[in-house]
Participant: 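Let me begin by handing over the structure; questions about it come next.
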Amino acid sequence: MNPFELHIPTQLFFGKEKADAFFEHLPAYGSKALVVIGGGSIKKMGYLNQVEEHLEKNGIEPVLFEGIEANPHSKTINKAAEMGKKESVDFVLALGGGSVMDASKAIAGLIHDDLDDIWPYTVGGPKYREMKGALPVVCIPTTAATASEVTAHAVISNPEVKGKSPVSYPFMKPSASWLNPAFHTSLPKTTTRDGASDILSHVFENYLLGGNESDLADRYSEGVMETVLDTLPKLELDPEKEHLRGQLLWASTMALNGMQIAGRKAAPFTLHNLEHALSGQNPDLAHGRGLAILYPAYFRWLHKNDRAIDRMALLSKRLFGISGEDQTENALSFITHFEGWLKQNHLYERLSDQDIFPEEFGDVADYAIKIYGGGKDQLSAAGPLTRDNIIEIFEMTEQQKPEPEMA
Ligand code: NZQ
Ligand code: ZN
């Protein structure tokens with residue numbers, strides 16, 4: 001086992017039955033909340049009304065900011081912070097997916113430090129690591145995807161410079177989160193699929209590149225993976241089943257809370273580095289979709305270059321029950337079986353299907369290296385990952401012709 005520190009400060013409430021307990025807990029953070037939502041679905045479904053009623057019942061005045069985009073824009077975040085400062089709110093309540101939760105953490109930081117613009121504070125910016133604190137943030141996640149309801153991260157987009165980059169501070173970890181699967185039954189199929197893909201990435205990244213020194217981290221991560229592999233096809237058939245929504249939501253929260261890597265060695269978040277650069281290039285590309293497109297090509301590239309073979313072979317055995325003599329063959333079996341699952345769940349396609357074309361691949365690779373290369377001219381994935389390697393992976397995705405989906 002490798003040494004580690006783990007701090008999971010978020011008080012979690014799971015289930016619609018926990019509404020009263022969650023809202024009765026909130027006066028601990030103050031009496032005026034900036035309630036942050038996205039582009040409209042939350043209001044349309046009546047979730048906002050329910051939340052505002054609960055807040056008022058508990059003596060908390062809600063101040064609404066609506067209009068956070070998917071892949072949240074720095075300018076919108078700045079506007080929300082301005083409103084929060086003017087209204088002297090005590091804390092920020094995020095009601096939405098990862099984009100709304102991330103935006104809320106950034107807003108809470110801007111208000112606390114009395115700042116106007118979040119972009120210079122993101123990775124690669126001139127003021128990276130200079131934020132001092134944040135107002136308390138509480139979350140009600142309405143997607144099963146990012147685990148932002150427990151993480152220290154906020155990923156910010158800036159379409160003006162085709163940029164997407166995180167801020168990350170321990171003080172941005174949410175104080176409390178209410179996981180209510182009943183708010184998930186309205187999720188469209190595509191958003192559900194993209195979210196499932198993101199959950200998997202959070203356990204794949206370190207599993208593949210972080211070594212084999214924690215048996216429990218392996219078993220824990222496999223548990224998350226199996227839950228997702230099993231639940232998504234069932235949700236395709238029964239999208240309003242709260243029980244299934246709950247399974248995916250809990251898998252999501254558990255996939256990026258630190259437990260999934262504890263005891264392994266630190267490893268780069270390579271798929272995320274590449275995906276954030278892709279969503280920077282096309283701000284309409286959902287994070288989980290970008291990851292799904294990368295998986296087959298990235299895994300095949302690792303395999304071709306004899307990297308992470310033992311780890312992919314172990315996944316082949318643990319997830320798909322395949323354990324032949326030849327580890328290289330076993331690793332390939334993992335890739336083909338997982339690819340089959342992606343196809344079955346309509347997560348198999350090309351970058352050009354998401355309007356990112358080969359002539360842009362070089363620019364995206366350059367951006368990924370600039371932001372995530374740590375000053376070097378390459379990324380890493382169990383060895384160097386050069387600009388040419390990244391372009392090769394992007395080009396490999398173009399072989400992934402999707403099957404048309406039946407209506
Ligand atoms: O804007 P509205 O109208 O609310 O629609 C949203 C949005 O268009 C819709 N939606 C959300 N909940 C819904 C719903 N529609 C119907 N019913 C509901 N219950 O879903 C769309 C996508 O929402 P979004 O929040 O963008 O998706 P997701 O949760 O996947 O978040 C993605 C963002 O999180 C970042 C990603 O990079 C991306 O910017 N990440 C954050 C992480 C973190 N904080 O730790 C880690 C992740 O790896 C990820 O990078
Ligand atoms: Zn992710």
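Worth saying up front: this structure is predicted, and the values here are computed from it rather than measured. Only heavy atoms go into these numbers, but all of them, side chains included; no hydrogens, no water, no symmetry mates. Counting starts at 1 for both ligands and their atoms, in listed order.
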Participant: Just which atoms of ligand 1 are under 4.0 Å from any heavy atom in Gly97?
Facilitator: 25 (O), 29 (O)
Participant: Quick check on Lys164 - does any of its heavy atoms sit under 4.0 Å from an atom of ligand 1?
Facilitator: yes
Participant: Tell me which protein heavy atom sits closest to atom 41 (C) of ligand 1, plus the residue, atom name and distance to 0.1 Å.
Facilitator: Asp102 OD2, 3.0 Å
Participant: Which residue and atom name correspond to the protein heavy atom nearest atom 1 (O) of ligand 1, and how close is it?
Facilitator: Gly39 N, 2.6 Å
Participant: Examine the proximity of ligand 1 to His272 and report which part, side chain or backbone, both or neither, has a heavy atom under 4.0 Å away.
Facilitator: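 The answer is the side chain.
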Participant: Ring centroid separation for Phe183 and Trp178, is it under 6.0 angstrom?
Facilitator: yes
Participant: To the nearest 10°, what's the angle at the Zn ion (ligand 2) between atoms OD1 (Asp198) and NE2 (His272)?
Facilitator: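 That angle works out to 130° after rounding to 10°.
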Participant: Do the side-chain N and O atoms of Ser201 and Asp198 include a donor-acceptor pair separated by under 3.5 angstrom?
Facilitator: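 Indeed, the side chains of Ser201 and Asp198 share at least one donor-acceptor pair under 3.5 Å.
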Participant: Among all protein non-hydrogen atoms, which one is nearest to atom 43 (C) of ligand 1, and what is the separation to 0.1 Å?
Facilitator: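 Going atom by atom, the protein heavy atom closest to atom 43 (C) of ligand 1 ends up being Thr151 OG1, 3.5 Å.
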Participant: With distance as the sole criterion, is a donor-acceptor pair present between the side chains of Asn282 and Asp355 under 3.5 Å?
Facilitator: no
Participant: I need the atoms of ligand 1 closer than 4.0 Å to a non-hydrogen atom of His153, numbered in the order shown.
Facilitator: 43 (C), 44 (N), 45 (O)
Participant: For atom 8 (O) of ligand 1, what is the closest protein heavy atom, and at what distance to 0.1 Å?
Facilitator: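 Of the protein heavy atoms, Ala70 CB, 4.3 Å lies nearest.
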Participant: Which ligand 1 atoms, with their elements, are less than 4.0 angstrom from a heavy-atom of Pro72?
Facilitator: 39 (O)
Participant: Looking at ligand 1, is there an atom of it that comes within less than 4.0 Å of some heavy atom belonging to Gly288?
Facilitator: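 Outside the 4.0 Å threshold, so no.
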Participant: Please say whether Ala145 places an N or O atom under 3.5 Å from an N or O atom belonging to ligand 1.
Facilitator: no
Participant: Could you check atom 46 (C) of ligand 1 against the protein and tell me its nearest heavy-atom contact, residue, atom and distance included?
Facilitator: Thr146 O, 3.7 Å
Participant: Which atoms of ligand 1 are found less than 4.0 Å from any heavy atom of Val155?
Facilitator: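 In order of numbering, the contacting atoms are 37 (O), 40 (N), 41 (C), 50 (O).
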Participant: Please determine if Leu256 has a nitrogen or oxygen closer than 3.5 Å to a nitrogen or oxygen of ligand 1.
Facilitator: no
Participant: Return the option from Asp198, Thr190, Thr191 holding the heavy atom at the smallest distance from atom 22 (C) of ligand 1.
Facilitator: Thr191
Participant: Kindly say whether the aromatic ring centers of Phe338 and Phe320 come within a distance under 6.0 Å.
Facilitator: no
Participant: Between ligand 1 and Phe183, is the shortest N or O to N or O distance under 3.5 Å?
Facilitator: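 N/O-N/O distance under 3.5 Å: yes.
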Participant: Which heavy atom of the protein is the closest neighbour of atom 50 (O) of ligand 1, given with residue, atom name and distance?
Facilitator: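 The answer is His276 NE2, 3.0 Å.
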Participant: What I want to know is whether His184 and ligand 1 share at least one N or O pair that is separated by under 3.5 angstrom.
Facilitator: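 No, there is no polar N/O contact under 3.5 Å.
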Participant: Return yes if a side-chain donor-acceptor contact under 3.5 Å exists between Lys105 and Ser148, otherwise no.
Facilitator: yes
Participant: Which of these, Arg245, Glu236, His184, sits in a side-chain hydrogen bond (donor to acceptor under 3.5 Å, both in side chains) with Thr192?
Facilitator: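 Considering Arg245, Glu236, His184, a side-chain hydrogen bond (donor to acceptor under 3.5 Å, both in side chains) with Thr192 is found only for Arg245.
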Participant: Does a side chain donor of either Thr253 or Glu149 reach within less than 3.5 Å of an acceptor in the other side chain?
Facilitator: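 Yes, side-chain donor-acceptor contact under 3.5 Å.
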Participant: Among all protein heavy atoms, pick the one closest to atom 16 (C) of ligand 1 and tell me residue, atom and distance.
Facilitator: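 Protein heavy atom with the smallest distance to atom 16 (C) of ligand 1: Ser186 O, 3.4 Å.
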Participant: Just by distance, with hydrogens left out, do Thr386 and Asn389 show a side-chain donor and acceptor under 3.5 Å apart?
Facilitator: yes
Participant: Please verify whether a non-hydrogen atom of His202 lies at under 4.0 Å from ligand 1.
Facilitator: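 Yes, His202 has a heavy atom closer than 4.0 Å to ligand 1.
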Participant: Could you tell me whether Ser41 and ligand 1 have an N or O pair separated by under 3.5 Å?
Facilitator: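 For ligand 1, there is an N or O atom that lies under 3.5 Å from one belonging to Ser41.
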Participant: Measure the distance from atom 24 (P) of ligand 1 to every protein heavy atom, then report the residue, atom name and distance (to 0.1 Å) of the closest one.
Facilitator: Ser99 OG, 3.4 Å
Participant: Output all residues satisfying side-chain hydrogen bond (donor to acceptor under 3.5 Å, both in side chains) with Thr143, sequence neighbours left out; order by chain, then residue number.
Facilitator: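 If we apply the side-chain hydrogen bond (donor to acceptor under 3.5 Å, both in side chains) test to Thr143, skipping adjacent residues, there are no hits.
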Participant: So what does the His287 NE2 - the Zn ion (ligand 2) - His202 NE2 angle come to, to 10°?
Facilitator: 170°
Participant: Indicate whether the side chain of Glu398 and that of Ser352 have a donor and an acceptor atom separated by less than 3.5 Å.
Facilitator: yes
Participant: I'd like to check which ligand 1 atoms, numbered from 1 as shown, lie under 4.0 Å from a non-hydrogen atom of Asn71.
Facilitator: 38 (C), 39 (O)
Participant: Centroid separation under 6.0 Å, is that true for the rings of Phe299 and Phe204?
Facilitator: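 Yes, the ring of Phe204 comes within the 6.0 Å limit of the ring of Phe299, centre to centre.
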Participant: Tell me yes or no: between the side chains of Asn58 and His54, is some donor less than 3.5 Å from an acceptor?
Facilitator: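 The answer is no; no qualifying pair exists.
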Participant: How about Tyr372 and His272: are their ring centroids closer than 6.0 Å?
Facilitator: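 No - the distance between ring centres of Tyr372 and His272 does not fall below the 6.0 Å cut-off.
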Participant: Which is it for Met45 and ligand 1 at heavy atoms under 4.0 Å: side chain, backbone, both or neither?
Facilitator: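 For Met45, there is no contact with ligand 1 at all, from either part.
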Participant: Which atoms of ligand 1 sit under 4.0 Å from any heavy atom of Pro188?
Facilitator: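 The atoms of ligand 1 under 4.0 Å from a heavy atom of Pro188 are 15 (N), 16 (C).
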Participant: Ignoring hydrogens and geometry beyond distance, is a side-chain donor-acceptor pair present between Tyr47 and Ser186 at under 3.5 Å?
Facilitator: yes
Participant: Is it the case that Lys241 and Thr185 place a side-chain donor and acceptor less than 3.5 Å from each other?
Facilitator: no
Participant: Will you find, in the side chains of Gln260 and Tyr207, an N or O donor that is under 3.5 Å from an N or O acceptor?
Facilitator: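 Side-chain D/A pair, Gln260 to Tyr207: absent.
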